[in-house]
Amino acid sequence: MRKIPAVIFSLWLLLPTALAAGLPDTVIPGGHTLGVKLFTDGLLVVGIAPVQTDGGLLSPAEDAGLMNGDMITHIQRKPVSTIPELQSITDALRGEALEISYIRNGRMLSATLLPAKAAQDGQYRIGVWVRDSMSGIGTFTFYDPESGLFGALGHGINDAETGRLLPMGSGYVLYSEVESVRAGQPGSPGELKGAFRDDRRYGHLLRNTETGLYGTLPDAEALGPGAHGAVPVAKGGEVKTGAASILSNVSGDRVERFDAEIIKIFPAENEPRNFMIRVTDERLIGLTGGIVQGMSGSPVLQDGKLVGAVTHVLINDPRRGYGIFAESMLRAGQAALDAEAFSAAA
């Protein structure tokens, strides 16, 4: 078995939606961490870097108008999605002009640039830093055994440099374990520190959205030992202020229930802040300081129902954070499942 160090996904606020008809009335709540391996749909430009040549600094990408956040999709009219593919095509042309197609703010654009020969190693470069994948740890929110659909994180996976939602080409989830915790302090968010196991791969990812990460699992094994039984899903109007609980995996592979309190429900015009939650469990506060990075997606239960997921910690008060309604995640997950079925049938 080989353990892979993992990045912890940060917590973000999300856009809620209403529960659509036809969604499951009950789901299995999560709480266990999951390892995520996501491959982008193209190459995301995360930096512009001049190339040191024998004749001085050249910046082919900047001269051609490329910017951070652009998604390179084709080179010489051929699809490209990995860094080795980019380098291989560039090297093969040995300095000849490249035609690049890329997406910026939803628009398909193109540019022609002349690669520069690097003085250091003689390779031809276009002067960009790009990302083709990302890995990290988050938390399962729910699993529907009828359809195999799962939802996690409660927010999208954004690129750390550009802050933009990563367009997903493919991906999968792996079993993970929490190895240690850096407790949160006012002004300094904490985080779960762990690793995921590449010998225990489960299911595949369908979509990375602003409301969460969605995919399918063959069964509930990925939810960890002692996974909870199915519970009803609360509609937004059923969520109220008062006692609640959080399911979270903050040590090893154990999912535990911690006391919390929903202290505010936000009106529709205040979206995407669906509700605010406060950790009241002294044991969790002692372990983590409250809500920490990596707990994003932790299910929130109230009156025996899944009401939502923890998504965001308040930096100056790690005992408090925001949550998204479970119905919002279920609707987004069902849309991802429907799109996959439509694509397969086309």
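In this text the structure is predicted, and so the values were computed from the model without any measurement.
Residues I263 and T241 fail the side-chain proximity criterion, which asks for heavy atoms closer than 4.5 Å. For the pair V128 and I48, the minimum side-chain heavy-atom distance is below 4.5 Å. You'll find the side chain of P318 stays beyond 4.5 Å of the side chain of Q185, heavy atoms only. The shortest distance between side-chain heavy atoms of I291 and R320 does not fall below 4.5 Å. Looking at heavy atoms from C-beta onward, V130 lies in side-chain contact with I83 at the 4.5 angstrom threshold. The shortest distance between side-chain heavy atoms of I246 and S298 falls below 4.5 Å. The closest side-chain heavy-atom distance from L174 to D198 is below 4.5 Å.
Every residue two or more places apart in sequence or in another chain that forms a salt bridge (charged side-chain N to carboxylate O under 4.0 Å, His left out) with D303 is listed here: K240. R278 meets the salt bridge (charged side-chain N to carboxylate O under 4.0 Å, His left out) test with E261; sequence neighbours excluded. Here D25 pairs with nothing under the side chain to side chain donor-acceptor pair (under 3.5 Å) rule; sequence neighbours left out. Evaluation of the side chain to side chain donor-acceptor pair (under 3.5 Å) rule for N316 yields no partner, not counting sequence neighbours. Not a single side chain to side chain donor-acceptor pair (under 3.5 Å) links S88 to another residue, sequence neighbours left out. Not counting sequence neighbours, Q302 has no partner by the side chain to side chain donor-acceptor pair (under 3.5 Å) test.
Checked by atom type, the side-chain pair S170/H204 shows no donor-acceptor distance below 3.5 Å.
Within the structure, salt bridge (charged side-chain N to carboxylate O under 4.0 Å, His left out) pairs that include any residue of residues 72-97 comprise R77-E99 (at least two apart or interchain). Among residue pairs with one or both ends in residues 43-71, those qualifying as side-chain hydrogen bond (donor to acceptor under 3.5 Å, both in side chains) are S59-E62, D70-R104; sequence neighbours excluded. Sequence neighbours left out, the pairs with a member in residues 156-176 that pass ring-ring contact (aromatic ring centres under 6.0 Å, His included) are H32-Y175. Counting only residues at least two apart or in different chains, salt bridge (charged side-chain N to carboxylate O under 4.0 Å, His left out) contacts with residues 147-159 comprise R131-D159. Judged as a side-chain hydrogen bond (donor to acceptor under 3.5 Å, both in side chains), the pairs with a partner in residues 279-292 (not counting sequence neighbours) are, in order, E256-R283.
Residues V181 and I285 share a single hydrophobic cluster, defined by chaining ILVMFWY side chains whose heavy atoms lie under 4.5 Å apart. Transitive grouping of hydrophobic side chains (ILVMFWY, heavy atoms separated by less than 4.5 Å) brings L66 and L93 into a common cluster. In this structure, V80 is not a member of the same hydrophobic cluster as M71, with clusters built from ILVMFWY side-chain heavy atoms closer than 4.5 Å. At a threshold of 4.5 Å between side-chain heavy atoms, the hydrophobic network of Ile, Leu, Val, Met, Phe, Trp and Tyr places V46 and Y102 in two separate groups. Under the 4.5 Å side-chain heavy-atom criterion for Ile, Leu, Val, Met, Phe, Trp and Tyr, L98 and W129 are members of distinct hydrophobic clusters.
Between R319 and D317 there is no salt bridge, since none of the side-chain N atoms of the basic residue sits less than 4.0 Å from a carboxylate O of the acidic one.
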Practice item. Could you please spell out the steps behind the side-chain contact (heavy atoms from CB on, under 4.5 Å) verdict for I157 and L165? Key: CA-CA 6 Å; I157 299 176; L165 190 72; 5.8 Å; no

Point to revise | Test side-chain hydrogen bond (donor to acceptor under 3.5 Å, both in side chains) applied to T33 and N249, step by step | key: CA-CA 6 Å; T33 55; N249 170 202; 2.9 Å; yes

Check your understanding: For H155 and E210, what are the C-alpha separation, side-chain angles and deciding distance, and is it a side-chain contact (heavy atoms from CB on, under 4.5 Å)?
Key -> CA-CA 5 Å; H155 64 72; E210 292 182 348; over 6 Å; no

Check your understanding: Between L43 and T73, is a side-chain contact (heavy atoms from CB on, under 4.5 Å) present by the stated rule, with each step listed?
Key -> CA-CA 7 Å; L43 296 172; T73 60; over 6 Å; no

Exercise for review: Tell me, with the steps shown, if I126 and L86 meet side-chain contact (heavy atoms from CB on, under 4.5 Å).
Suggested key: CA-CA 10 Å; I126 64 173; L86 169 63; 4.1 Å; yes

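Contact record, S147 with L337: CB-CD2, 3.7 Å, taken as the closest heavy-atom pair. Scanning both residues, K37 and S135, for their nearest heavy atoms gives CD-CB, 3.9 Å. Heavy atoms only, all atoms of each residue included: Y214 and A332 are closest at OH-CB, 3.6 Å. Shortest non-hydrogen contact noted between E191 and V292 is N-CB, 3.6 Å. Considering all non-hydrogen atoms of both residues, D144 and P24 come closest at OD2-CG, 3.9 Å. Across V307 and A234, no two heavy atoms sit closer than the pair CG1-CB, 3.7 Å.
A donor-acceptor pair under 3.5 Å is absent between the side-chain atoms of Y143 and the main chain of F140, judged by distance alone. Looking at E238, its side chain never comes within 3.5 Å of a backbone N or O of K305 through a donor-acceptor pair. A donor-acceptor pair under 3.5 Å links the side-chain atoms of T141 to the main chain of G297, judged by distance alone. A distance-only check finds a donor-acceptor pair linking the side chain of T40 to the backbone of G42 [under 3.5 Å].
Looking at N158, D41, N208 one by one, the single match for side chain to side chain contact (heavy atoms under 4.5 Å, CB included) with L166 turns out to be N208. If you run ring pair (Phe, Tyr, Trp, His ring centres under 6.0 Å) between F266 and each of F275, F325, Y322, only Y322 comes through.
Of the inter-residue distances, the one linking S245 atom OG with L301 atom CG reads 4.5 Å to the nearest 0.5 angstrom. Remark: F150 CZ to L205 CG distance equals 5.0 Å, nearest 0.5 Å. Rounding to the nearest 0.5 angstrom, the gap separating the CZ atom in F142 from the CE atom in M329 is 5.5 Å. If you take CG on L192 and OG on S176, they are separated by 9.5 Å, rounding to the nearest 0.5 Å. Within the model, atoms CG of L206 and CG of L149 stand 7.0 Å from one another, a figure rounded to the nearest 0.5 Å. Taking CD1 of I277 as the reference point, atom CG of L314 lies at 11.5 Å (rounded to 0.5 Å).
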Would you mind writing out the side-chain donor-acceptor pairs for residues 105-120 within the sub-3.5 Å range, not counting sequence neighbours?
none

